[in-house]
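Written out below as structure tokens is the structure these notes cover.
The basis for the numbers below is simple: all heavy atoms, side chains too, and nothing from hydrogens, waters or symmetry mates.
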Amino acid sequence: MAALRRGCGRLLARRPGAVQALTAGALMGAGDVIAQQLVEQRGLHGHHCLRTLKMMGIGFCFVGPVVGSWYRILDWLIPGNTKVVAVKKVILDQRLPMASLAPSTMSSSASAGAPLSQGGFAPCFLGCFLAVTGATNGLSVEENWSKIQQDYMDALMTNYCIWPPVQIANFYFVPLQHRLAVVQCVAIVWNCYLSWKANRM
């Protein structure tokens with residue numbers, strides 16, 4: 001087991017993007033299986049394998065690369081891992097409505113990058129995720145827009161209930177190369193919710 005952990009650690013150090021994409025794809029697939037079997041109670045004969053493969057593809061091609069890159073950008077914008085730094089990262093990540101980022105409270109490198117993140121990553125990412133999922137499900141542009149309008153605010157409010165405490169711990173305790181894996185492990189429940197929400201017609 002220790003040899004496997006060391007091997008994974010070396011691979012993660014050499015190819016972080018590929019490992020993060022594979023991890024995200026596998027865990028998005030796991031979330032979809034849980035959604036179909038436990039939430040929707042489809043049973044093995046009613047399981048939509050193509051839907052699971054689509055969710056894995058979205059994790060591999062979209063979630064892993066985008067979220068992994070975001071964590072690298074966030075670490076560059078706000079370096080360090082103190083409690084204050086972790087809170088600043090969560091504010092940029094989630095763009096909590098009650099939080100404001102005054103330039104005087106951030107490092108100069110973070111202040112320079114703040115306009116790029118004023119919308120906050122989570123609200124933008126969630127909208128893009130719903131759009132990508134709708135497109136892979138074959139929805140027309142009008143149907144996709146209608147579905148996003150129907151699901152977005154509910155999903156965003158659920159996001160705010162789950163992710164801020166997880167992300168504070170993640171940014172404070174977890175090294176950069178392991179953050180996506182930690183988030184994806186916690187996200188199995190979140191992925192289950194997103195899969196159910198995004199695939200509910």
Looking only at heavy atoms, what is the nearest atom pair of [X] and [Y], with distance?
X    : Y    : result
P123 : Y160 : CG-OH, 3.6 Å
L176 : Q20  : O-NE2, 4.4 Å
A24  : G59  : CB-O, 3.4 Å
P65  : C61  : CG-O, 3.6 Å
L130 : N144 : O-OD1, 3.7 Å
A122 : N159 : CB-ND2, 3.9 Å

Are [Y] and [X] connected into the same hydrophobic cluster when the rule is that any two of I, L, V, M, F, W, Y join if their side-chain heavy atoms are below 4.5 Å apart?
X    : Y   : result
W190 : L38 : no
M56  : V67 : no
V39  : V33 : no
V182 : L22 : no
V90  : L92 : yes

Look only at the side chain of [X] and the backbone of [Y], and say whether a donor-acceptor pair between them is shorter than 3.5 Å.
X    : Y    : result
E143 : S140 : yes
K89  : I78  : yes
S146 : E142 : no

Apply side-chain contact (heavy atoms from CB on, under 4.5 Å) to C128 and F62, showing your working.
CA-CA 10 Å; C128 291; F62 177 69; 3.7 Å; yes
Step-by-step side-chain contact (heavy atoms from CB on, under 4.5 Å) determination, R179 to D75:
CA-CA 11 Å; R179 286 185 190 149; D75 229 41; 2.9 Å; yes
Which distance, rounded to the nearest 0.5 Å, do you find between the [atom1] of [X] and the [atom2] of [Y]?
X    : Y    : atom1 : atom2 : value
W196 : I34  : CH2   : CD1   : 15.5 Å
T23  : M28  : OG1   : CE    : 13.0 Å
I168 : F173 : CD1   : CZ    : 10.5 Å
S69  : L74  : OG    : CG    : 12.0 Å
I148 : M153 : CD1   : CE    : 14.0 Å
N170 : C185 : CG    : SG    : 10.5 Å

Classify the ring geometry between F171 and Y71 as parallel (under 30°), tilted (30 to 60°) or perpendicular (over 60°).
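F171 vs Y71 ring planes: perpendicular.
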Would you call the rings of F121 and F125 parallel, tilted or perpendicular if under 30° counts as parallel and over 60° as perpendicular?
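It falls in the parallel class, under 30°.
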Can you tell me if W70 and D93 form a side-chain donor-acceptor pair at under 3.5 Å?
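Yes, side-chain donor-acceptor contact under 3.5 Å.
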Could you note down all residue pairs passing side-chain hydrogen bond (donor to acceptor under 3.5 Å, both in side chains) where residues 24-33 supplies at least one of them, sequence neighbours left out?
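Non-adjacent pairs meeting side-chain hydrogen bond (donor to acceptor under 3.5 Å, both in side chains): D32-Q36, D32-R51, D32-T52, D32-S195.
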Stepwise, does the side-chain contact (heavy atoms from CB on, under 4.5 Å) test hold for V186 with W163?
CA-CA 9 Å; V186 173; W163 287 111; 4.0 Å; yes
Residues in ring pair (Phe, Tyr, Trp, His ring centres under 6.0 Å) contact with F129, at least two apart in sequence or another chain:
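So F129 forms no ring pair (Phe, Tyr, Trp, His ring centres under 6.0 Å) with any residue.
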Using the rule given for side-chain contact (heavy atoms from CB on, under 4.5 Å), can you reason through L194 versus L126, listing the C-alpha separation, both sets of side-chain angles and the distance that settles it, and then say yes or no?
CA-CA 9 Å; L194 280 182; L126 187 56; 3.7 Å; yes
